[in-house]
A.B. asks: 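This is the structure I want to talk about, given as structure tokens.
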Amino acid sequence: MSHETDPQDARIKRSLAQKLKHAEKVAREKAVKEREKFRGLQIRPTASFFDDADSKEPGEDNWSGFGFDIHPHVTFFSVLFLGVFLLLTLLFQEKAAAMSSEVLGWISSRFGWFFVLSANILIGAALFFALSRFGQIRIGGTKARPEFTTPAWFAMLLSAGMGIGLMFWSVAEPMHHYHSPSPMFPGMEGYTPEAAQAALGVTFFHWGLHAWGIYAIVALGLAFFAYNRGLPLTIRSIFYPILGNRIHGFWGNFVDVLSVLATLMGLATSLGLGVRQVNAGLNYLFDINISPAIQVTLIVVITAFATLSVVAGLDGGVKKLSELNMGLAGLFMLFLLVVGPTVYIFSGMTQSIGFYFANFIELSLWTETFRDTSWQGGWTVFYWAWWISWSPFVGMFIARISKGRTVREFVLGVMIVPTLLSFLWMSVFGGTSLFLQSNGIGDIVTPSLENEATALFAMLEFLPWTSLLSLVGIILVTVFFITSSDSGSLVVDHLTSGGKLESPVPQRVFWCVMEGLIAGVLLLGGGLETLQTAAISTGLPFTLVLLLVVYSLYIGLKQELFVEDSVRKKLRDVREEHRLEEAIAEVQEELISAIEDSNGSPPSPAKS
């Protein structure tokens with residue numbers, strides 16, 4: 001009996017599989033035709049996607065020659081704007097510094113609320129996409145699988161979160177807030193236990209879920225439209241549901257030019273902070289003067305090393321440097337965790353996480369409206385603009401490593417894992433400095449207020465092996481400078497080459513040099529305040545772009561869900577029909593068997 005059942009079961013399964021395969025193809029074709037029209041640039045077609053639009057290769061409209069392969073409109077307008085900006089800043093350095101202060105104050109007072117509200121919209125949209133039915137959509141289609149294991153993916157997300165900013169602000173920011181608590185906490189005095197808790201809590205807020213929610217939206221948009229719609233990996237592609245073929249014209253060029261400018265200014269801000277910290281470390285170790293001239297010289301030297309990394313290529317240059325620096329940063333943090341106030345660090349982190357979530361709503365929506373202060377412009381507004389300007393850079397990196405993840409896994413992984421690492425890093429460095437300051441072991445607040453770049457080295461002075469740790473800190477910031485410049489040139493080069501993944505080395509070298517040049521000019525034009533103004537000024541218009549990204553991404557995900565729902569419904573119907581057919585066939589067999597048993601022999605054919 002079993003010998004008869006096995007072949008029969010196999011036949012049934014083969015029949016069902018053939019029916020399901022055919023039904024999926026027919027249902028998907030039908031659903032794609034019936035959904036709201038979406039005419040993508042089918043570059044790498046997959047079996048799960050159908051599109052009747054004409055194909056268009058990345059870089060199809062490029063100009064090539066003299067070692068360059070560029071999209072003319074995006075490149076020329078970006079370079080023209082940057083050239084005019086840099087020239088005016090160099091010619092009028094004193095006026096540039098004064099103007100930066102005025103622009104920073106004006107944008108913060110007029111549009112601070114807009115940055116605050118927009119950041120909350122972006123983090124809300126990211127959670128909505130993850131926790132709604134959109135969360136079940138898989139990046140790359142239903143048959144796509146992750147290219148990296150989950151631990152490896154998390155490790156790469158962590159590498160995206162580590163950088164110059166964490167090195168620069170991990171001691172300086174908590175010390176600032178400990179000295180002068182945010183006006184959001186009326187009556188709170190500095191140098192108190194309450195101020196210490198608020199200092200770490202506010203630092204967590206600036207480096208937490210909002211930053212990674214912004215990155216998640218951009219990364220999700222890039223990944224979805226690249227892997228599920230076959231579009232080039234550029235910001236303009238995200239707007240295809242809204243603009244259609246117009247992304248190849250003025251509006252598409254406009255979006256990519258804004259992306260280039262925002263990315264370059266965000267990078268320049270980070271590079272400027274990094275070189276100031278390197279200068280401070282060299283001053284501590286070797287008594288080298290702290291001055292814009294020295295910092296510009298350092299930019300030239302470090303940019304030269306970054307250029308060598310660009311020439312070495314992705315695998316030979318930035319990849320090896322990134323792996324080396326991540327390992328060194330991890331050892332650096334672990335050493336401080338062991339030799340520092342370990343229990344205080346973990347206790348402070350736990351309590352500060354509680355403070356962060358307990359005050360999350362008020363922190364997220366506070367706009368300084370009813371206080372005659374200007375605190376928020378230099379902190380929250382600056383951070384939100386900085387993260388927004390960095391979002392094409394970080395988003396593109398995350399998109400390229402996340403194919404095969406579901407939207408839910410993608411968003412929650414991007415938002416939660418790097419946030420927890422940032423909390424740990426800030427707790428180790430910021431917590432150690434708070435412990436030393438609050439217990440009277442050392443004064444770290446004063447050097448932090450005089451020059452934020454010296455804060456890390458002021459804290460290391462009260463730990464074992466001070467000189468060695470300071471040298472490690474300088475090396476870390478320098479290598480972060482090199483890898484950020486190298487990776488940034490890849491992203492900018494990608495945006496200015498019409499979405500091509502590979503482009504000539506001279507072109508990447510050009511953008512690498514341009515990043516260093518912008519950072520140097522901004523430092524000459526006013527230092528930290530000018531860097532902050534550059535990030536906020538480019539972040540403001542790009543915030544509007546990101547709000548439109550949310551709407552366009554919603555349309556794209558809605559279309560994708562319509563197709564997948566249609567396919568699932570058809571497959572469910574086919575399974576039910578198959579079960580019904582098999583049940584009818586089984587009943588027929590039982591009836592025939594019963595008739596045979598009752599007659600004792602097969603029924604004879606009827607006579608005419």
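All values below come from the heavy atoms of this structure, side chains included, with hydrogens, waters and symmetry mates left out.
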A.B. asks: CD1/Ile290 to CD/Glu450 distance, rounded to the nearest 0.5 angstrom?
C.D. replies: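 Output value for this atom pair is 10.0 Å.
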A.B. asks: Quick one: are the ring centres of Phe185 and Phe355 less than 6.0 Å apart?
C.D. replies: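 Yes, the ring centres sit under 6.0 Å apart.
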A.B. asks: If you apply the rule side chain to side chain contact (heavy atoms under 4.5 Å, CB included), what do you find for Met167 with Trp425, and how did you get there?
C.D. replies: CA-CA 9 Å; Met167 293 291 296; Trp425 183 276; 3.5 Å; yes
A.B. asks: Please identify which of these residues, Trp386, Phe205, Trp169, Trp384, meets the ring-ring contact (aromatic ring centres under 6.0 Å, His included) condition with Trp379.
C.D. replies: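 The single option meeting the ring-ring contact (aromatic ring centres under 6.0 Å, His included) with Trp379 is Trp169.
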A.B. asks: Between His176 and Ser448, does any side-chain donor sit less than 3.5 Å from a side-chain acceptor?
C.D. replies: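 Result is no, nothing qualifies.
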A.B. asks: Parallel, tilted or perpendicular for Tyr383 and Trp387, by the 30°/60° rule?
C.D. replies: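 Plane angle under 30°, so parallel.
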A.B. asks: Verify whether one side chain among His210 and Asn120 offers a donor that lies under 3.5 Å from an acceptor in the other.
C.D. replies: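 Looking only at side-chain atoms, Asn120 and His210 do form a donor-acceptor pair, the distance falling under 3.5 Å.
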A.B. asks: One pair to check against ring pair (Phe, Tyr, Trp, His ring centres under 6.0 Å): His494 and Phe393. What are the steps and the verdict?
C.D. replies: CA-CA 10 Å; His494 191 62; Phe393 171 53; over 10 Å; no
A.B. asks: Quick one, Phe423 with Tyr356, criterion ring pair (Phe, Tyr, Trp, His ring centres under 6.0 Å). Give me CA distance, side-chain angles, the key distance, then yes/no.
C.D. replies: CA-CA 11 Å; Phe423 287 176; Tyr356 170 62; 5.3 Å; yes
A.B. asks: Using a distance-only test with no angle check, is there a side-chain donor-acceptor pair under 3.5 angstrom linking Trp207 and Glu173?
C.D. replies: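 Their side chains do contain a donor-acceptor pair, which is all the 3.5 Å distance test asks for.
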A.B. asks: Should Gln437 and Tyr191 be marked as a side chain to side chain contact (heavy atoms under 4.5 Å, CB included) after you check the CA-CA gap, both sets of side-chain angles, and the distance that decides it?
C.D. replies: CA-CA 9 Å; Gln437 183 74 43; Tyr191 300 96; 4.0 Å; yes
A.B. asks: Please answer whether the main-chain N or O of Pro183 pairs with a side-chain N or O of Arg371 as donor and acceptor at a distance below 3.5 Å.
C.D. replies: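 A pair under 3.5 Å: yes.
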A.B. asks: Indicate the atoms forming the closest heavy-atom contact of Ile294 with Asn289, along with that distance.
C.D. replies: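 That would be CG1-O, 3.6 Å.
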A.B. asks: Decide yes or no on side chain to side chain contact (heavy atoms under 4.5 Å, CB included) for Ser108 and Gln376, but give the supporting numbers first.
C.D. replies: CA-CA 8 Å; Ser108 300; Gln376 197 169 41; over 6 Å; no
A.B. asks: Search all heavy atoms of Glu515 against all heavy atoms of Ser485 and return the closest pair with its distance.
C.D. replies: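 That would be OE1-O, 2.8 Å.
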A.B. asks: Are any non-hydrogen side-chain atoms of Val545 and Leu548 less than 4.5 angstrom apart?
C.D. replies: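 Side-chain contact under 4.5 Å: no.
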A.B. asks: Rounded to the nearest 0.5 Å, how far apart are CH2 of Trp106 and OG1 of Thr533?
C.D. replies: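 With rounding to 0.5 Å, CH2 (Trp106) is 13.0 Å from OG1 (Thr533).
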A.B. asks: Which is it for Phe204 and Ser427 under the side chain to side chain contact (heavy atoms under 4.5 Å, CB included) test, yes or no, and what are the steps along the way?
C.D. replies: CA-CA 9 Å; Phe204 281 9; Ser427 297; 3.1 Å; yes
A.B. asks: Met175 and side-chain contact (heavy atoms from CB on, under 4.5 Å): which partner among Thr446, Leu449, Leu434?
C.D. replies: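 The option that passes is Leu434.
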A.B. asks: If I compare all heavy atoms of Ala268 with all of Leu531, which pair ends up nearest, and what's the gap?
C.D. replies: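 Minimum heavy-atom separation between Ala268 and Leu531: O-CD2, 3.7 Å.
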A.B. asks: Start with the C-alpha gap between Phe111 and Phe115, add the side-chain angles, then the distance that decides, and say whether ring pair (Phe, Tyr, Trp, His ring centres under 6.0 Å) holds.
C.D. replies: CA-CA 7 Å; Phe111 296 99; Phe115 279 109; 7.9 Å; no
A.B. asks: Under a 3.5 Å threshold, yes or no: a donor from one side chain and an acceptor from the other, between Glu461 and Thr466?
C.D. replies: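 There is no such pair (donor and acceptor under 3.5 Å, judged by atom type) between the side chains of Glu461 and Thr466.
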A.B. asks: Backbone N or O of Ser291 within a donor-acceptor pair of the Asn279 side chain at under 3.5 Å?
C.D. replies: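 Yes, because the side chain of Asn279 sits within donor-acceptor range (under 3.5 Å) of the backbone of Ser291.
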A.B. asks: Which one of Thr303, Leu282, Ile288 satisfies the side-chain contact (heavy atoms from CB on, under 4.5 Å) criterion with Leu298?
C.D. replies: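 Filter result, single survivor: Leu282.
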A.B. asks: Does the side chain of Phe254 come within less than 4.5 Å of Arg236's, by heavy atoms?
C.D. replies: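 When only atoms from C-beta onward are counted, Phe254 and Arg236 do not touch, as no gap falls below 4.5 Å.
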A.B. asks: Does Asp486 reach the side chain of Phe481, with side-chain heavy atoms less than 4.5 Å apart?
C.D. replies: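 A side-chain contact is absent here, since even the closest heavy-atom pair is not under 4.5 Å.
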A.B. asks: Hey, is the main chain of Ala534 close enough, under 3.5 Å, to the side chain of Ser537 for a donor-acceptor pair?
C.D. replies: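 No; judged by distance alone, with no hydrogens or angles, the pair does not exist.
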A.B. asks: Can a donor-acceptor pair be found, under 3.5 Å and without considering hydrogens, that links the side chain of Ser100 to the backbone of Thr530?
C.D. replies: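 Not confirmed, Ser100 side chain does not pair with Thr530 backbone.
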A.B. asks: Would you call Val505 and Val509 a side-chain contact if the rule is heavy atoms closer than 4.5 Å?
C.D. replies: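 The answer is yes, as the side chains (C-beta and beyond) meet within the 4.5 Å cut-off.
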A.B. asks: Quick one: are Leu220 and Val411 in side-chain contact, heavy atoms under 4.5 Å?
C.D. replies: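 Side chain of Leu220 against side chain of Val411, heavy atoms only: contact under 4.5 Å found.
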A.B. asks: Donor-acceptor pair, Glu368 side chain versus Trp375 backbone, under 3.5 Å?
C.D. replies: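 Judged by distance alone, yes, a pair lies under 3.5 Å.
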A.B. asks: Restricting to non-hydrogen atoms, name the atom on Leu200 and the atom on Gly348 that form the minimum distance, rounded to 0.1 Å.
C.D. replies: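 Heavy atoms of Leu200 and Gly348 come nearest at CD1-O, 4.3 Å.
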A.B. asks: Mind checking whether His179 and His177 have ring centres under 6.0 Å apart?
C.D. replies: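 No, the ring of His179 stays outside the 6.0 Å limit from the ring of His177, centre to centre.
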A.B. asks: Below 4.5 Å, heavy atoms only, C-beta onward: do Ser391 and Phe542 meet side chain to side chain?
C.D. replies: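 Ser391 vs Phe542: side chains touch.
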A.B. asks: With distance as the sole test, does Asn253 use its side chain to make a donor-acceptor pair with the main-chain N or O of His73 at under 3.5 Å?
C.D. replies: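 No; judged by distance alone, with no hydrogens or angles, the pair does not exist.
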A.B. asks: Does a side-chain heavy-atom distance below 4.5 Å link Ile482 with Ser309?
C.D. replies: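 In short, these two side chains touch, coming nearer than 4.5 Å.
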A.B. asks: Using a distance-only test with no angle check, is there a side-chain donor-acceptor pair under 3.5 angstrom linking Asn451 and Thr454?
C.D. replies: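 No.
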A.B. asks: Please name the pair of heavy atoms, one in Val218 and one in Gly395, separated by the smallest distance, quoted to 0.1 Å.
C.D. replies: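 Heavy atoms of Val218 and Gly395 come nearest at CG1-CA, 4.3 Å.
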A.B. asks: Please test Phe429 against Phe332 for ring pair (Phe, Tyr, Trp, His ring centres under 6.0 Å), starting from the C-alpha separation and ending with a verdict.
C.D. replies: CA-CA 10 Å; Phe429 288 82; Phe332 191 37; 5.5 Å; yes
A.B. asks: Kindly indicate whether the side chain of Thr75, heavy atoms from C-beta on, has any atom under 4.5 Å from the side chain of Trp511.
C.D. replies: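 Touching, per the 4.5 Å side-chain cut-off.
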A.B. asks: Write down the atom of Met415, the atom of Leu209, and the distance for their closest heavy-atom approach.
C.D. replies: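 Minimum heavy-atom contact is O-CD2, 3.6 Å.
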